[in-house]
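For reference, the structure discussed in these notes is given below.
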Amino acid sequence: MAFASRTTAATRSLARSFATLHQAPRSGKSPTAVVMMNMGGPSTVAETHDFLLNLFSDGDLLRLPLQRFAAPILARRRTPQIEQQYQEIGGGSPILRYTQLQGAGMTALLDELHPETAPHKAYVAFRYANPLTGETARQMKADGVKRAIAFTQYPQYSCSTTGSSLNELFRRSKVGEFGDDVEWSVIDRWGTHPGFIESVAQNIEAALAKFSPDTRNDVVLLFSAHSLPMSVVNRGDPYVLEVSASVAAVMDRLGHSNPYRLVWQSQVGPSAWMGMQTGEALKGLARLGKKQVVLVPIAFTSDHIETLYELDLEYAKEAREHGIEVHRAESLNESPVFIRALADITAQHLRDYSSGKVGPTSVQLGLRCPGCTNATCGQQKEWFARGGR
Ligand SMILES: C=CC1=C(C)c2cc3[nH]c(cc4nc(cc5[nH]c(cc1n2)c(C)c5CCC(=O)O)C(CCC(=O)O)=C4C)c(C)c3C=C
Ligand code: FES
Ligand SMILES: [Fe+2]
């Protein structure tokens, strides 16, 4: 009930916010910036190569011998296959469109939820696709931003995702790209926030409703997250734990109505990655006679090739060939419940920060992975802990 009325309010705010998305901030007061950090994706097929080049060049994501030379070779080699995948999902990644929509809806709500820091303005900072962090910095500097929140759009923390975005933000801030005197705070993870959990649970319920009521409770919920190399897991990265916590919270919200598993997808290259693999799990379920499955993306909030290509075109098709009835829970995309959650998370952060209840970063962000050898991680954490000063 509470969520139904929130949903209507969010939708109204969303409609209003479309009109203001690209306008300059209201005159007189510089905006409170909410910087939505994510990896991004190529908006057009033609941008695929540059996206992959940026990704393979990122030493915070993966370390390659002679990376400056190896990255262009790997990017060129992988481009045709990934271009083909983006072609098949409609000619590009929808992540920019969804992030802008989510940001506009969130800031419209935030102006009402936390008027003390209004106007709020959402900025998108992608790690591997436009708008890249440098471009975002130029825009924020031009807008005269003095207060900014680095808000990860990955619900669960990994040093390979949110950590990489924070390192990039730190590096560019240190050389003055954002201006001289910006006060920063960080929202670094929110994988068990009740609004996020609610939005995922609602999309699972919608997928479950497609099955016959007689057998609905036997349907297996197969949560699927992007895998991590075991070298990253084994240096103490918190992602596997945090994705597991999201799954546990969703299952609590659903009252454990169905059996479930958490499995891992999108392994790249020959090294060992976290398993079990999603594709293998589907085959195994078919072998065991479990012929009804809902696939649930749990570690990414909008559609991308992993949902639209890997889950929908590859795995779901293969599962159907094994006689499995499979439906996918929708990604959060335009979910008003999710957009309201983004606004609630930010408003709570602003309240706690201004009352002194929390500092610029979470306590958890302060701890490096026990196996970390990346000096930037340490410098970045200290810098954000001082509010970016
Ligand atoms: C939470 C999500 C993700 C984690 C964790 C993650 C770690 C990770 N990824 C690679 C290597 C690649 N990832 C690639 C694409 C890609 N990765 C994610 C998300 C996470 N990655 C997404 C959503 C995407 C696809 C973007 C889209 O539009 O769908 C790629 C490029 C594609 C390919 O070549 O297959 C690579 C390479 C590593 C090494 C890593 C952890 C260290
Ligand atoms: S790799 Fe996790 S803190 Fe550096
Ligand atoms: Fe990845």
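Start at 1 and go down the list; that is how both ligands and their atoms are numbered. Remember, it's a predicted structure, so these values are computed and weren't measured experimentally.
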Nearest-neighbour protein heavy atom for [atom], which is reported as residue plus atom name and distance:
atom	answer
atom 22 (C) of ligand 1	Glu306 OE2, 3.0 Å
atom 31 (C) of ligand 1	Leu52 CD2, 3.7 Å
atom 42 (C) of ligand 1	Leu61 O, 3.2 Å
atom 30 (C) of ligand 1	Leu55 CD1, 3.7 Å
atom 11 (C) of ligand 1	Val268 CG2, 4.1 Å
atom 2 (C) of ligand 1	His226 CB, 3.7 Å

Answer yes when [X] and [Y] have at least one side-chain N-carboxylate O distance shorter than 4.0 Å, and no when they do not.
X	Y	value
Lys283	Glu318	yes
Arg138	Glu135	no
Asp188	Lys381	no

- Item | ligand 1 versus Ala225: contacting region, heavy-atom distance under 4.0 Å |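 Near ligand 1, Ala225 shows nothing, with every heavy atom at 4.0 Å or more.
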
- When you look for heavy atoms under 4.0 Å from ligand 1, do you find them on the side chain of Gln156, its backbone, both, or neither?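 Within the 4.0 Å criterion, Gln156 makes no contact with ligand 1.
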
If the cut-off is 4.0 Å to any non-hydrogen atom of [X], which atoms of ligand 1 fall inside it?
X	result
Thr161	3 (C), 4 (C), 5 (C), 6 (C)
Ala299	1 (C)
His304	23 (C), 27 (C), 28 (O), 29 (O)

- Using 2.8 Å as the cut-off, note every protein N, O or S atom close to the Fe ion (ligand 3).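 Protein N, O or S atoms closer than 2.8 Å to the Fe ion (ligand 3): His226 NE2.
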
- Item | Contact list for residues 250-270, test salt bridge (charged side-chain N to carboxylate O under 4.0 Å, His left out), sequence neighbours left out |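 Counting only pairs at least two positions apart or across chains, the salt bridge (charged side-chain N to carboxylate O under 4.0 Å, His left out) contacts touching residues 250-270 are Glu198-Arg253, Glu205-Arg253.
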
- Message: Is there a polar contact, in the sense of an N or O pair closer than 3.5 Å, between Phe56 and ligand 1?
- Response: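 Among all N and O atoms of Phe56, none is under 3.5 Å from an N or O of ligand 1.
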
- Can you find an N/O atom of Arg78 closer than 3.5 Å to an N/O atom of ligand 1?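 Between Arg78 and ligand 1 (N or O atoms, distance only) the closest approach is under 3.5 Å.
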
- Task: Classify the angle between the aromatic ring planes of Trp184 and Trp383 as parallel (below 30°), tilted (30 to 60°) or perpendicular (above 60°).
- Result: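 Rings of Trp184 and Trp383: tilted, 30 to 60°.
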
- Validation row, ring centre Phe211 to ring centre His327 under 6.0 Å: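 For Phe211 and His327, the ring centres are under 6.0 Å apart.
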
- Cluster overlap Val35 with Tyr353, hydrophobic side-chain contacts below 4.5 Å: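 Val35 does not cluster with Tyr353.
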
- Message: If you count every heavy atom of other residues, nucleotides or ligands that lies below 6.0 Å from Lys146 atom NZ, does the total exceed 12?
- Response: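 Counting other residues, nucleotides and ligands, NZ of Lys146 exceeds 12 neighbours.
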
- Sub-2.8 Å protein N, O or S atoms surrounding atom 4 (Fe) of ligand 2: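 Per the 2.8 Å query on atom 4 (Fe) of ligand 2, atoms found are Cys372 SG, Cys377 SG.
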
- Kindly identify the option in Tyr128, Phe300, Tyr86 whose heavy atom sits closest to atom 26 (C) of ligand 1.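 Going through Tyr128, Phe300, Tyr86 one by one, Tyr86 has the nearest heavy atom to atom 26 (C) of ligand 1.
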
- Message: Please determine whether any non-hydrogen atom of Trp273 lies less than 4.0 Å from an atom of ligand 1.
- Response: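 Yes.
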
- Residue-ligand contact Ile95/ligand 1, heavy atom below 4.0 Å: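 Judged by the 4.0 Å heavy-atom criterion, Ile95 does not count as contacting ligand 1.
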
- Is it the case that Thr117 and Thr32 place a side-chain donor and acceptor less than 3.5 Å from each other?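 Side chains of Thr117 and Thr32: no pair found under 3.5 Å.
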
- Task: Among Leu53, Leu61, Asp50, Leu52, find the residue that satisfies the side chain to side chain contact (heavy atoms under 4.5 Å, CB included) test when tested with Tyr128.
- Result: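 Output: one option passes, namely Leu61.
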
- Task: For residues 68-91, pull every pair meeting side chain to side chain donor-acceptor pair (under 3.5 Å), keeping only residues two or more places apart or in separate chains.
- Result: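 Sorted result for residues 68-91: Gln84-Glu88.
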
